[in-house]
Amino acid sequence: MVKVFKIRRTPFKVWLGVLILIVAIVLMAIHTENYWNLCPLILPVLLLIDEQMTRILVQENGDIWLKRGFSGSIKAYGVVRIVRRNGTLLKGRVTIFYTKGFINFDPANLAEFLQCAKERNPRAEYHEEV
């Protein structure tokens, strides 16, 4: 059975900055009466929907899939190493190294994700970087 995890959401500070930018674009479009300037607002809305639809799937054989809303999915077959980052900027970030490369993401429930990954793939190496 596949175990599903959510990713950590974007911090409030980032969304506040995006909201200020959106208000500036709307005010500029109203002031200049050129309403085609509102087209750049489509991208943040699509990114928000994409983020809300993103899921982390841990398969029974230990493979980890990152399913995104619009931007496709990444399937990490043959997970070799899982690294948990604890730096100031990367706190909670997990790096998954697999046969063809690596992926980074921030699971919402980090402890439960690592426990599930260890249970399903005991052959992989588990590290913690400071």
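Just so you know, these numbers use all the heavy atoms, side chains as well, and skip hydrogens, waters and symmetry mates.
When all heavy atoms are compared, the tightest approach of Tyr98 to Lys75 is CE1-O, 3.9 Å. Closest heavy-atom contact between Asn121 and Val79: ND2-O, 3.3 Å. The minimum heavy-atom distance linking Ala117 with Ile82 is given by the pair CB-CD1, 3.8 Å. For the pair Ala76 and Ile103, the tightest heavy-atom approach, listed with the atom from each and the gap, is CB-CD1, 4.4 Å. Annotation for Ile56 and Ile64: closest pair CG2-CG2, 4.0 Å, computed over non-hydrogen atoms.
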(request) Using the side-chain contact (heavy atoms from CB on, under 4.5 Å) rule, take Glu51 and Ile7 through it: C-alpha gap first, then chi angles, then the decisive distance, then the call. (result) CA-CA 8 Å; Glu51 181 186 23; Ile7 63 166; 4.2 Å; yes

(request) I would like to know whether Phe5 and Phe105 meet ring pair (Phe, Tyr, Trp, His ring centres under 6.0 Å); could you show each step before the answer? (result) CA-CA 11 Å; Phe5 297 95; Phe105 52 84; 9.4 Å; no

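Here the CG atom belonging to Leu110 is positioned 8.0 Å from the CG atom belonging to Asn86, to the nearest 0.5 angstrom. Atoms CD1 and CG, from Ile96 and Asp63 in turn, are 11.0 Å apart once rounded to the nearest 0.5 Å. In this structure, the separation between CG on Leu114 and CG on Asn109 is 9.5 Å, given to the nearest 0.5 Å. Between Leu46 atom CG and Ile42 atom CD1 the span is 7.0 Å, to the nearest 0.5 Å. Between the CG atom of Asp106 and the CZ atom of Arg93 there is a distance of 4.5 Å, given to the nearest 0.5 Å.
Under a 4.5 Å side-chain heavy-atom criterion applied to ILVMFWY residues, the cluster that includes Val2 comprises Val4, Leu57, Trp65, Tyr77 as well.
Side-chain atoms of Val94 and Pro107, non-hydrogen and from C-beta on, do get closer than 4.5 Å to each other. Side chains of Glu129 and Arg84 form no contact here, defined as non-hydrogen atoms less than 4.5 Å apart.
At a threshold of 4.5 Å between side-chain heavy atoms, the hydrophobic network of Ile, Leu, Val, Met, Phe, Trp and Tyr places Val80 and Phe102 in two separate groups. A continuous path of hydrophobic side-chain contacts links Val58 to Ile74 [ILVMFWY only; heavy atoms under 4.5 Å].
Salt bridge Asp50/Arg68: absent, no basic N to carboxylate O contact under 4.0 Å.
Pairs passing the side-chain hydrogen bond (donor to acceptor under 3.5 Å, both in side chains) check and including a residue from residues 23-35, sequence neighbours excluded, do not occur. Applying the salt bridge (charged side-chain N to carboxylate O under 4.0 Å, His left out) test to pairs two or more places apart or on separate chains, those with a residue in residues 112-128 are Lys3-Glu112.
Atom OH of Tyr126 has more than 12 heavy atoms from other residues, nucleotides or ligands within 6.0 Å.
The one candidate from Ile20, Ile25, Leu27 that meets the side-chain contact (heavy atoms from CB on, under 4.5 Å) condition with Val23 is Leu27.
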